[in-house]
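Take a look at the structure set out below.
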Amino acid sequence: MPNLEHPAYPADTLLHLESLVPCRESQVSMLLSIFGERQQFSFPSIFIYGHTSSGKTYVMQTLLNTLQLPHVFVNCVEYFTSRLLLEEILIQLQSCSSETEQTSHVPCDTFNDFVRLFKQAVASRELQDQTLYIVLDRAEQLREMEANVLPAFLRLQELTDRNVTVVLLSEIVWELFRPSTGCFEPFTLYFPDYSIGHLQKILSQNHPPEYSADFYAAYINILLGVFYMVCRDLKELQHLAVLNFSKYCEPVVRGEANERDTRKLWKNIEPHLKKAMQTVYLREISSSQWERLQHDDGEPGQLKGLSAHTHVELPYYSKFLLIAAYLASYNPVRTDKRFFLKHHGKIRKTNFMKKHEKTSNHLLGPKPFPLDRLLAILYSIVDNRVAPTANIFSQITSLVTLQLLSMVGHNDQLDGPRYKCTVSLDFIRAIAR
C-alpha cells in the first residue's frame, strides 16, 4: 500500500515519487499536506532544517520536478548579495512563464523594486492559477544580507498579494534566524539524520546489474559496520561504496570465492577499508589515484596528502617555531638547561627526576608554556641570530589560526600569553626533515 496519497495528484505519479525519495515518506507527506492543491493558497513560508546530507535539497527538487509545480530554486551561497539573489529569482521566473517574453536584464536594487517586478513576472495565467514556490537553499546566508531581506521573504505572499510560497532550507535551527525585532513565523519542518537502516536501504538501491541485490546489500552492511561510527554523511558513504566495491568483488572475479562466501570477502576487503578510514572527508587524492594505489597494494604511508603531512607548507621560521613549541610542550622546564645550553655544567639526577622519567610525556599530553620560553628555545635551535620582530610574532598568531598551536587562558592575562602545541610527533618529524 503506498504511503503517499493526495487527491490532487495521480496515484502513479505519487508512487513514482515515493520510489525516488526512500526513507523520507513522512516528510514528503507532510509537505504535500501543506502544499494542498495547485490553485489553493499554501502557507506563506516554510522553514526546513536538518544536518548536512539529510535529504532536504534532494527531496524538495524531486518533489517539485516530479509533480511539475512551478518553482524557482536558488542557492544563497552562489548568489551571496541581496541584489544577485533577487535578480536571479526574477530571471528564473521569466523562464517559468511561457507567455512572458524574455526581456533584457532589469536591475533590482531594493526589495521594493523586487515586489514590483515580481508582480509583473507572475502576470501570466499559468502562474496566477497555481502556487509558485521560491526555494532558497543554504538560507543561513540570508542573515549576512540587509536586515529587511529575511522578514520580507517570510511575508512575500502578503507583500505581493500573489499565490507564492517561500521555502527556506538550512542546516541550523530557526531560533538562530529570528531577528530581535520579530518577524512572521514560518512553518518549521525537521529532517532527521538517516539511521543505519535507512542508509542500508538507500545505498543498496544502487547495486550494479551484474551482481545480485543480496550480494551488494551484504557489501553495504560491511561498509556501514566499518564507517558508520565515524561518518554518517550519505554522499561520503556513496563515494566510499563506489570506490571500494571493485576490491570487494576481486575474489569472486578470480573464482576464489562465491557471492555467499562472506568470510573470504571480508578478509580481502578489511585492510583496504582500514586505509580508506584515514582519508574520510579529505579527498586528498582522486578516485583514479586511489584505485591505482589499491591495485598496487600500496601502504597507507604512500598516501600523498594531509594525513601524511607532506603537503603542509609553512614559512621558514614558522617551522622552527612549531618545533620549538613541541619541545616546550613535551619537555619539562628543568630540562631546558641540559638540552639547549652548551655549557650547562653537571646536573645531578634527583630521586624525583628518576621517578618521573619512567612516565613518557607523550602519554601525559602537551603542557602549556609561556611565550618567553618558546622564543628562548627558538633562539637556541636556529643557527643564525633571530631578532624578535613583528614578523616572528605574526607567525605565532598564524600558527594559532591554523590550529597548530592553541592559546591557553585569556588574551588579557598580565603575565603574557601561554600556548600549547597541538600536533603529533609524526607531524613534527615531517617538518623537521
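By convention here, the first residue in the shown sequence is residue 1.
- Between His6 and Glu37 the shortest heavy-atom distance is CE1-N, 4.2 Å.
- Listed for the Thr165 side chain is no donor-acceptor partner under 3.5 Å among the backbone atoms of Ser45.
- Using a 4.5 Å cut-off on side-chain heavy atoms (C-beta onward), Phe177 and Ser170 make contact.
- A heavy-atom distance below 4.5 Å is found between the side chains of Leu199 and Leu224.
- At distances below 3.5 Å, not a single donor-acceptor pair connects side-chain atoms of Asn221 with backbone N or O atoms of Ala217.
- Counted within 6.0 Å of OH on Tyr228, heavy atoms from surrounding residues, nucleotides or ligands total more than 12; the atom is thus considered enclosed.
- Across all their heavy atoms, Gly55 and Phe191 have their closest contact at O-CE2, 3.8 Å.
- In this structure, Trp174 CH2 and Thr188 OG1 are separated by 9.5 Å, a value rounded to the nearest 0.5 Å.
- Classified by interplanar angle (parallel below 30°, tilted 30° to 60°, perpendicular above 60°), the ring pair His207/Tyr216 is tilted.
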- Query: Taking it one step at a time, do Thr66 and His16 satisfy side chain to side chain contact (heavy atoms under 4.5 Å, CB included)?
  - Reply: CA-CA 8 Å; Thr66 305; His16 176 59; 4.0 Å; yes

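- Inter-residue side-chain proximity for Cys421 and Leu405 is flagged as met; some heavy-atom pair is nearer than 4.5 Å.
- Scanning all heavy atoms of the two residues, the minimum distance from Gln205 to Lys201 falls at CG-O, 3.3 Å.
- Across all their heavy atoms, Leu142 and Cys76 have their closest contact at CD2-SG, 4.2 Å.
- Residues Lys56 and His51 approach most closely at NZ-O, 3.0 Å, considering heavy atoms.
- Counting only heavy atoms from C-beta outward, the side chains of Val333 and Arg373 approach each other to under 4.5 Å.
- Taking the six-membered ring for Trp and the full ring otherwise, Tyr248 and Phe215 have centroids separated by under 6.0 Å.
- When Glu144, Glu146, Glu87 are each tested for a side chain to side chain donor-acceptor pair (under 3.5 Å) with Ser82, only one passes: Glu146.
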- Query: Yes or no on side chain to side chain contact (heavy atoms under 4.5 Å, CB included) for Gln61 and Phe73, after CA distance, side-chain angles and deciding distance?
  - Reply: CA-CA 8 Å; Gln61 286 180 328; Phe73 210 101; 3.4 Å; yes

- Arg143 and Leu176: CA distance, side-chain angles, deciding distance, side chain to side chain contact (heavy atoms under 4.5 Å, CB included) verdict: CA-CA 9 Å; Arg143 302 181 302 165; Leu176 297 176; 3.9 Å; yes

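- Using a 4.5 Å heavy-atom threshold, the side chains of His71 and Asn65 count as touching.
- Judged purely by atom type and a 3.5 angstrom limit, Thr62 uses its side chain to pair as donor or acceptor with the backbone of Tyr58.
- We find the NE2-CG distance between His239 and Asp233 to be 11.5 Å, quoted to the nearest 0.5 Å.
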- Item | side-chain hydrogen bond (donor to acceptor under 3.5 Å, both in side chains) evaluation trace for Ser54 with Asp193 | CA-CA 5 Å; Ser54 56; Asp193 290 342; 5.2 Å; no

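- At least one side-chain heavy atom of Leu375 sits under 4.5 Å from a side-chain heavy atom of Ile392.
- The backbone N or O of Pro251 sits nowhere less than 3.5 Å from a side-chain atom of Asn268 that would complete a donor-acceptor pair.
- When every heavy atom of Gln200 is checked against every heavy atom of Ser204, the shortest pair comes out as O-OG, 2.6 Å.
- Taking CD of Glu259 as the start and CG of Asp261 as the end, the distance is 11.5 Å to the nearest 0.5 Å.
- Taking the six-membered ring for Trp and the full ring otherwise, the centers of Phe187 and Phe47 sit at least 6.0 Å from each other.
- Glu88 and Tyr79 form a side-chain donor-acceptor contact under 3.5 Å, judged by distance and modelled atom types alone.
- Remark: aromatic rings of Tyr219 and Phe245 are close, center separation under 6.0 Å.
- For CZ of Arg254, the number of neighbouring non-hydrogen atoms (other residues, nucleotides, ligands) closer than 6.0 Å is greater than 12.
- When each of Leu136, Thr81, Val77, Leu85 is tested with Gln141 by the rule side-chain contact (heavy atoms from CB on, under 4.5 Å), just one qualifies, namely Val77.
- In this structure, CZ in Phe43 is found 13.0 Å from CG in Leu31, a value given to the nearest 0.5 Å.
- Using a 4.0 Å cut-off between a side-chain N of Lys or Arg and a carboxylate O of Asp or Glu, Arg178 and Glu185 qualify as a salt bridge.
- Counting heavy atoms from C-beta on, the side chains of Ile89 and Ile91 never come closer than 4.5 Å.
- Aromatic ring pairs are classed by plane angle as parallel below 30°, tilted from 30° to 60° and perpendicular above 60°; the pair Tyr316 and Phe320 is perpendicular.
- Contact annotation: the side chain of Leu168 never approaches that of Ile48 to less than 4.5 Å [non-hydrogen atoms, C-beta and beyond].
- Taking the six-membered ring for Trp and the full ring otherwise, the centers of Tyr133 and Phe35 sit less than 6.0 Å from each other.
- Ring planes of His198 and Tyr194: perpendicular class, angle over 60° (limits at 30 and 60°).
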- Does the pair Leu90 and Cys108 meet the rule for a side chain to side chain contact (heavy atoms under 4.5 Å, CB included), with working shown? CA-CA 9 Å; Leu90 293 171; Cys108 181; 4.2 Å; yes

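- For the side-chain contact (heavy atoms from CB on, under 4.5 Å) test with Val135, the passing option among Val74, Val72, Leu64 is Leu64; the others fail.
- For the residue pair Gln403/Thr422, the side-chain donor-acceptor check at 3.5 Å is not satisfied.
- One finds the CE atom of Met60 at 7.0 Å from the CD1 atom of Ile46 (value rounded to the nearest 0.5 Å).
- Distance alone, capped at 3.5 Å, is enough to place a donor-acceptor pair between the Thr401 side chain and the Thr397 backbone.
- Residue Gln68 places its CD atom among 12 or fewer non-hydrogen atoms of other residues, nucleotides or ligands, all under 6.0 Å distant.
- Atom CD1 in Ile202 sits 8.0 Å away from atom CD in Gln238 (nearest 0.5 Å).
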